[in-house]
Amino acid sequence: MRAAIAVPTASAAVAALLLTAPPGQAAPAAPRVAPCVQGEVTLRAATVPHRPTVVRVSVTNHSGRTCAIDRVPLVTFGGLDGAALPVSGDGTGRLRLAAGATVHADVRTIVRTADPQARKAASLTVGDWTGRWGRVFAPARLGTGSKVAVWEPVTTSWQPSAAAADRALGLGTAPRTSPKPAPTKATPTPTGTTPSPTRRVPHRPSPTPPASPSPASPAPTSPSPTGATPTSPVSPTVSSPGPS
């Protein structure tokens, strides 16, 4: 095994020369992109429609060059300590933002506004670079009401589109539950078929009317009790000439 991993003397000499080469002869590193200047970017923020607990933010690079921003937006709340934490799986670092490009992120300020531990903030601030002031948004501008309800807030990293930011926060499956009440419209159809048995009920008494003539038929055969008086005078007139 030692012979198999032994390095020839010539190869070792070449490796030594490479290791001791001056730094100027090393492979050039990728140039670092300067951070975006605050006046070169525009930050926006507003709540997601019908979701006052989720704020969608974006940043646009209006400069003519590529600049760098933090991979995760810095979101703080006026009057409260701390910032929104990145959601699981989102890393830190820098993000290259091309000239004219826009990236998006979603911030969940609270899960339930009725949470008894909720705090109320007078504003929400979004920054694109750590250690630099961002843009302050009032609750009325965000659409959260008079205050911003806050408790254990989280934020996604910057995403290429608003839909991608929604998916990163898990908002993609919510609209699919709305069409479920539609099958209830199909339930009246069985009720339309229920009158069919009720129509058969009038047809069942039909056999009883034919039974009514049956008592009328014996009427001619029962002249002994009721028809004796009209027929008795006729029979004596025929038999009376016999004895004479």
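Hydrogens, waters and symmetry mates play no part in the numbers below; they use all other heavy atoms, side chains included. Model, not experiment: these values are computed from the prediction. Along the sequence shown, the residues carry numbers beginning at 1.
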Chemist: How close do Arg65 and Cys36 get, heavy atom to heavy atom, and via which atoms?
Modeler: NH2-CA, 4.2 Å

Chemist: How many angstroms lie between CG in Leu95 and CG in Asp70, if you round to the nearest 0.5 Å?
Modeler: 9.5 Å

Chemist: With a 3.5 Å distance limit and no angle check, can you tell me whether Thr109 reaches the backbone of Thr53 through a side-chain donor-acceptor pair?
Modeler: yes

Chemist: How far apart are the closest heavy atoms of Thr60 and Gly100, and which atoms are they?
Modeler: CG2-O, 4.5 Å

Chemist: Would you say Val57 ends up clustered with Val136 if hydrophobic residues are merged whenever their side chains have heavy atoms under 4.5 Å apart, either directly or through other cluster members?
Modeler: no

Chemist: Is a side-chain N or O of Thr47 found less than 3.5 angstrom from the main chain of Thr144, in a donor-acceptor match?
Modeler: no

Chemist: Rounded at 0.5 Å granularity, tell me how far NZ in Lys120 sits from CD1 in Ile110.
Modeler: 7.0 Å

Chemist: Check for me, please, whether Phe137 and Val148 land in the same ILVMFWY cluster - side-chain distances under 4.5 Å, paths through other members count.
Modeler: yes

Chemist: Answer with yes or no whether the hydrophobic clustering places Leu74 together with Val72; edges join I, L, V, M, F, W, Y residues whose side-chain heavy atoms lie under 4.5 Å apart.
Modeler: no

Chemist: Minimum heavy-atom separation for Gly127 to Leu43, with atom names?
Modeler: CA-CD1, 4.4 Å

Chemist: Please report the interatomic distance CZ(Arg119) to NZ(Lys147), rounded to the nearest 0.5 Å.
Modeler: 14.0 Å

Chemist: Nearest 0.5 Å please: distance from the CD1 atom of Ile69 over to the CZ atom of Arg132.
Modeler: 9.5 Å

Chemist: Where do Thr76 and Ala83 come nearest, in terms of heavy atoms and distance?
Modeler: CG2-CB, 3.9 Å

Chemist: Can a donor-acceptor pair be found, under 3.5 Å and without considering hydrogens, that links the side chain of Trp151 to the backbone of Arg112?
Modeler: no

Chemist: Trp129 ring centre to Arg94 NZ or CZ under 6.0 Å, with the angle to the axis within 45°?
Modeler: yes

Chemist: For a quick test of reading the model, state the closest non-hydrogen atom pair linking Asn61 to Ala98 and the distance between them.
Modeler: ND2-O, 3.2 Å

Chemist: Mind listing the closest non-hydrogen atom pair of His62 and Val41 along with its distance?
Modeler: CD2-C, 4.4 Å

